[in-house]
2 protein chains.
Amino acid sequence: MTLDVVARHAGVSLATASRALNGTTRVRDELRERVRAAADLLGYIPNAHAQALASSSSNTVGLICHDVGDPYFAAIADGVMRAAAEQDVLVMLASTFREPAREIEYVSILRAQRARAILLIGSGFQDRTWERALSAELDPYIRAGGRVAVVSRHRSVRADAVLPENRAGAAALARALLALGHRRFAVLSGPPELTTVADRLAGFREGLAEAGITLDRDCVVEGAFTRDGGYAAARELLARRARPTCVFGVTDVMAVGALAAFREAGIDVPADISLAGFDDIPLVRELTPPLTTVALPLTEMGQHAISLALREPHGQRSRVLRVGGEVVVRASTGPPPPDGTTNSGAGKGI
Amino acid sequence: MTLDVVARHAGVSLATASRALNGTTRVRDELRERVRAAADLLGYIPNAHAQALASSSSNTVGLICHDVGDPYFAAIADGVMRAAAEQDVLVMLASTFREPAREIEYVSILRAQRARAILLIGSGFQDRTWERALSAELDPYIRAGGRVAVVSRHRSVRADAVLPENRAGAAALARALLALGHRRFAVLSGPPELTTVADRLAGFREGLAEAGITLDRDCVVEGAFTRDGGYAAARELLARRARPTCVFGVTDVMAVGALAAFREAGIDVPADISLAGFDDIPLVRELTPPLTTVALPLTEMGQHAISLALREPHGQRSRVLRVGGEVVVRASTGPPPPDGTTNSGAGKGI
DNA sequence: GCGCTTTCAGAAAGCGCTTTCTGGTAAGGT
DNA sequence: ACCTTACCAGAAAGCGCTTTCTGAAAGCGC
């Protein structure tokens, strides 16, 4: 079913049929109706590829995230979908499974698809070669009129950005934890090459520094940016000598894993150890105890990203939107245990 | 940057350049290399729209789900993305926000995009008009060679399907709960027009019936298929006279809300009330207590869906894959309280 | 009533590819 | 040496639209 059949059926020319359906130019109302009726009758479905080709424009945007299954990305993706539905754009989804190379590959694919915008969600990697390769894809895309927006990632290219207050948020969290009386901290950190990790760590250190506390090497355990990564990191932490009274998981997802590890080890949160996260993914409210964290408006972040990218006047300069960073204190944090030696093994609770 | 520039640059014809890059036909190795080199040098990116138009084929599939932010759909989407990456297809994501009409609209959009397959994830609605309208979109699509796969939904059209053992699973769950000694049950049900709800309810009733127990009207509370829906339903349940010793949330997500409501009401799970869900979304393992549920291989379901849809010999008949249905007993269920009158208010613990 | 602008419809030229069809050349058979 | 196959490269015809350009008809002031 092509447009010219519809046109013939309606007794008008191909050009008129096109205009009638797209409403781009004035067409006599009677003709427009005739075309519409014919299209309906014939069950005409336009060919988006032909449209895109002829008009050299499309209304798809690409969404690249590290892992759709992760609640953090799922929440952002949800926001993107909402905004996309409003703006009548179609979203092409790409999940890199946390492999940097895949991200570059997907940018290339989305370029081929002539996506109107590409959204990069989540931390970038601190890796010169990777950055260069990514820019090599992104730069020509932008030069050709493509829009790029990043969420929670430093702008390596001329892109609009939605940036969480990673540093300030982590610092504020540190202050809040200090205020509870904690002095011995540990951090469950993610892959150090992720900029988000670096920022949050730096912020946390900054906050601690105000109280004259420094975090030594030993107190930072690295793990994957996943629930299991947090779990493993927490186990490793417990295996070390000095036990902290307060643990900061650089993402909520990691903190969730840590909570499980603590429970398994018979450590009570927050009586024995206080635990805090970052992101405020919906699930942390359901935990026992609910997690203290730094809140990010995840869904809004997704909405903003796509809106920024699609906003009309591209403007030569990129826009930056800073969001979140509020500390939300919940029951997973409390004062440190009386003597701070509630160590090893048994514990109470389950 | 178009192919003919590349061709000229490589000193070959447009046709040869096309063949060289797509490797579809034999081209002298030397020429192929020359074309590749030229393409690289010029930073050539093919135009997927032109390719699709010329070849009348594309390698995109559409994924329609009710809500990407929901962990259930996120897990399935994750599976879809994995399989898609393997098969080199691009996924267009659509989220209906649980509005039936949107689903139909998206099918139409995906038809215009000439998606190779359309994946419908999640329960359908029991609504004659809606079904008819959906079929009106799907049928011509299929007739035109499009593939449709549904996950967790009755096949209203000639589509491949990945079907959870909703009925058998719920029945098995009922048996397991009966075995614990429960006799007074309640169900937190979703919107009754969702087929999934109907199936699970029927299965649960079936299981109970084997012990001669019937579920009266009063014991089934309906709520939205969300965490908050479960929360609200649980509250409503508590407000009613007779209190059950065991509650079945037809989805884990609803059960999560119910758990929160119970906790708020000072009801201990499982000491006062046992609680079970369905789906086994990852998050339920993190709860306190972790939820007893009926497990579904969510990620695999997504993978299967896309594989089924893309499998070569379309076969005139549709394929059905039944999955899941195993009861996973965790700590949220236990024997009923001694006298079954641990009612109202106070309770213990938080 | 005459030239003017204005409005709307059609013809036709692409958009950037794939693919069929045709032709040329080298290899193989006799 | 001649004809057949086989293989590879080029010409050209679309794929299904949008959009520019052109033209016809109608509205308007004088």
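All values below come from the heavy atoms of this structure, side chains included, with hydrogens, waters and symmetry mates left out. Letters A, B, ... are given to chains in the order of the sequence lines, protein chains preceding strands, and every chain is numbered from 1.
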Nearest-neighbour nucleotide for the [X] side chain, [options] considered:
| X | options | result |
| --- | --- | --- |
| V12(A) | dC17(D), dG10(C), dT18(C) | dG10(C) |
| A54(B) | dT19(C), dC17(C), dG14(C) | dC17(C) |
| R28(A) | dT18(C), dG10(D), dC8(C) | dC8(C) |

Check your understanding: Is the H9(B)-Y44(B) ring centre distance short of 6.0 angstrom?
Key -> no

Write down the atom of [X], the atom of [Y], and the distance for their closest heavy-atom approach.
| X | Y | result |
| --- | --- | --- |
| Q113(A) | T60(A) | O-OG1, 4.3 Å |
| N59(B) | D88(B) | OD1-O, 3.5 Å |
| L93(A) | C65(A) | CD1-SG, 4.5 Å |
| Y106(A) | A85(B) | OH-CB, 3.7 Å |

Review point. What about R19(A): does its side chain form a donor-acceptor pair under 3.5 Å with the base of dG10(C)?
Key: yes

Practice item. Return the value, rounded to whole Å, for the distance between atom CG of L31(B) and atom P of dC7(D). Key: 17 Å

Check your understanding: In whole angstrom, what separates Q51(B)'s CD from dC17(D)'s P?
Key -> 19 Å

Review point. Mapping A15(A) and R26(A) onto DNA chain C by nearest heavy atom, which one lands closer to the 5' end?
Key: R26(A)

Exercise for review: Would you tell me if any nitrogen or oxygen in the side chain of S13(B) comes within less than 4.0 Å of OP1 or OP2 on dG10(D)?
Suggested key: yes

Point to revise | Charged N-O contact under 4.0 Å between R36(A) and D40(A) | key: no

Point to revise | Between the first and last five pairs of the helix from dG1(C)-dC30(D) to dT30(C)-dA1(D), the angle of the axes, rounded to 10 degrees | key: 30°

